[in-house]
2 protein chains.
Amino acid sequence: MSSDRRRPRADARRNRERLLTEAEAAFREQGTGTSLEAVARRAGVAIGTLYAHFPSRDALVAAVLRERNGALFEHGEALFAQPEPAPALAAWVAAVVEHAAAYQGLAGMLAAGAGDERSELHASCARMNDIGDRLIGRARAAGALRQDATSADIFALMNAAAWIAEQTSREQADRLVRLTLRGLFRTPKDEADEALRPA
Amino acid sequence: MSSDRRRPRADARRNRERLLTEAEAAFREQGTGTSLEAVARRAGVAIGTLYAHFPSRDALVAAVLRERNGALFEHGEALFAQPEPAPALAAWVAAVVEHAAAYQGLAGMLAAGAGDERSELHASCARMNDIGDRLIGRARAAGALRQDATSADIFALMNAAAWIAEQTSREQADRLVRLTLRGLFRTPKDEADEALRPA
DNA sequence: ACCTGAACACCGTTCAAGT
DNA sequence: ACCTGAACACCGTTCAAGT
């Protein structure tokens, strides 16, 4: 119990840093499915060193995403300051779509990570879902959302749109979101309808 | 120019058949990304034989999908007999989602094939798009669809829903489609709105 | 005309051996 | 405490040699 886990050796710290830098670049160029051996080569370390620092692809992706995640969550929390809940929810959807479309393959990893507690990506997915839940609750309480729209629906929409952005284009993804939200949000017309309908 | 391309040798025909059967099973169990060597092993042929019959993964997937495609297109054409264009379009969307979610990875291959003319999957994607186009035209002409909804939007929705079905569940995919179509279809209320608004 | 399987290049992952 | 790289198992793809 001398140094515990503080102050890693200088070379270890540098290797970790270089691995993160090169992994980010490789993910950007080739997607999250890129060869881990190639990442190690780019970083100038042996493949065993990569595994020593990041025991799985999930762990490496999660580490690369760490800073970006922080910014996303801050943005999400800031949206509660916005008085109108519907645009706040729409802004959150747009932010998550952009986040999940950062690298090819990321949307799929996030979708898998959300459903797998052992995944290194699970915690951040849960946090994303939590913020979404609360924004949805606020929008529903304000009568801005269909009663039957769930947070799972919103999460599915965000993931699907990010995947479309990867596969087709950002524009097409934005169109899908816009069209779906038009169906998701309650309009004054819906309210009028319900008022006229018997319970 | 004696036998041209008729009556392939009996062993070749049998190998082709076995490869298709085992490929279908492997796709169902492991997705379209399954190992081609494993497919050849299951079929009891050498890997070179697989490549001789199907020069690419796309070609093998396209061959496996051939009959299913025929049924899908017949169904699509039959929908023009239905008098109401909006439910016909909705039925088409549901059919394509089910088709594209048949194997893990298929939605992605179809999305890629739609945009790549050299892909073996391109022709069937184009046919799918053509049927969608015509069903959309009919729905729009009948005033059942938003003017700004394009066939690319419908194709994106179908692909995205199929991908969600792979990643999450069929139920979630159906919910996404339902919510989006509510936004996509024009309601009588929309028409009333437009009538009241100046051009 | 068709099939075989070795050959090549590549990858994920582990772990004994080094410093 | 950390790094190296050989080792193992696997895969995609091609092509000379067989029948």
Side-chain angles (χ1 to χ4, degrees), chain A residues 1-23 26-27 29-64 104-105 108-109 112 118-121, chain B residues 1-23 26-27 29-64 104-105 108-109 112 118-121:
Chain A
M1 49 160 77
S2 50
S3 73
D4 267 323
R5 73 178 60 172
R6 345 155 94 241
R7 255 186 238 278
R9 234 166 61 180
D11 57 343
R13 191 164 152 57
R14 238 194 84 223
N15 282 340
R16 213 191 113 93
E17 221 60 53
R18 296 187 57 138
L19 280 165
L20 284 174
T21 304
E22 296 303 329
F27 290 162
E29 292 162 21
Q30 319 247 36
T32 57
T34 192
S35 152
L36 296 181
E37 288 209 323
V39 171
R41 264 198 306 276
R42 289 175 71 138
V45 303
I47 181 63
T49 302
L50 185 150
Y51 276 92
H53 283 277
F54 308 103
S56 68
R57 189 179 294 270
D58 270 21
L60 181 55
V61 171
V64 165
Q104 266 183 32
M109 294 187 78
R118 297 161 322 184
S119 162
E120 301 269 355
L121 295 166
Chain B
M1 53 161 75
S2 51
S3 72
D4 268 323
R5 75 178 58 170
R6 346 156 94 242
R7 256 185 237 278
R9 234 166 62 177
D11 57 343
R13 190 164 151 59
R14 239 193 84 222
N15 282 340
R16 213 192 114 93
E17 221 60 54
R18 295 188 57 137
L19 280 165
L20 283 175
T21 304
E22 296 302 329
F27 291 162
E29 293 161 19
Q30 319 246 37
T32 56
T34 192
S35 152
L36 296 181
E37 288 209 323
V39 170
R41 264 198 307 274
R42 289 175 72 138
V45 302
I47 181 64
T49 303
L50 186 150
Y51 275 92
H53 284 277
F54 309 103
S56 68
R57 189 179 294 271
D58 270 21
L60 182 55
V61 171
V64 165
Q104 267 184 32
M109 294 187 77
R118 297 159 323 181
S119 163
E120 301 269 355
L121 294 166

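Remember, it's a predicted structure, so these values are computed and weren't measured experimentally. Lettering follows sequence order; numbering is per chain, from 1.
- Take the nearest nucleotide of DNA chain C for B/Arg13 and for B/Glu37: the residue whose nucleotide is more 5' is B/Arg13.
- Scanning both residues, A/Ala40 and A/Leu50, for their nearest heavy atoms gives N-CD1, 4.0 Å.
- When rounded to the nearest whole Å, the span between CZ of A/Phe54 and P of D/dC3 equals 11 Å.
- When the P atom of D/dT13 is taken as reference, atom CG of B/Leu60 falls 12 Å away, rounded to whole Å.
- Between A/Val45 and A/Arg18 there is no side-chain heavy-atom pair separated by less than 4.5 Å.
- Look at OH on B/Tyr51: it is 12 Å from P on D/dC11, rounded to the nearest Å.
- A straight line from CD1 of A/Ile47 to P of D/dC8 spans 18 Å, rounded to a whole angstrom.
- Using Watson-Crick or G-U wobble geometry with both donor-acceptor distances under 3.5 Å, D/dT13 finds its partner in C/dA7.
- Using N1 to N3 plus N6-O4 or O6-N4 for Watson-Crick, or N1-O2 and O6-N3 for G-U wobble, each under 3.5 Å, C/dC2 pairs with D/dG18.
- Distances from the side chain of A/Ala12 to the nucleotides D/dC2, C/dG12, C/dC3 place D/dC2 closest.
- Summarising the geometry, the separation between NE2 on B/His53 and P on D/dT13 is reported as 17 Å, rounded to the nearest angstrom.
- The pair A/Glu29-A/Arg42 counts as a salt bridge, with a side-chain nitrogen and a carboxylate oxygen less than 4.0 angstrom apart.
- Nearest heavy-atom pair across B/Thr32 and B/Phe27 is CA-CD2, 3.7 Å.
- Distance, A/Arg9 CZ to C/dT19 P: 13 Å, rounded to whole Å.
- Across all strands shown, B/Ala52 has no heavy atoms under 4.0 Å from either base or sugar-phosphate atoms.
- Here the closest non-hydrogen pair linking B/Val64 and B/Ala23 is CG2-CB, 3.9 Å.
- Rounded to whole angstrom, the span from the CG atom of A/Asp11 across to the C1' atom of D/dT4 amounts to 12 Å.
- One finds a side-chain N or O of B/Asn15 lying less than 4.0 angstrom from the OP1 or OP2 phosphate oxygen of C/dC3.
- Residue contacts for A/Ser35: at a heavy-atom cut-off of 4.0 Å it reaches the sugar-phosphate backbone alone, with no base atom in range.
- Using a 4.0 Å heavy-atom distance criterion, B/Arg41 is classed as a sugar-phosphate-only contact.
- Whole-Å rounding puts the B/Glu17 CD to C/dC3 P distance at 13 Å.
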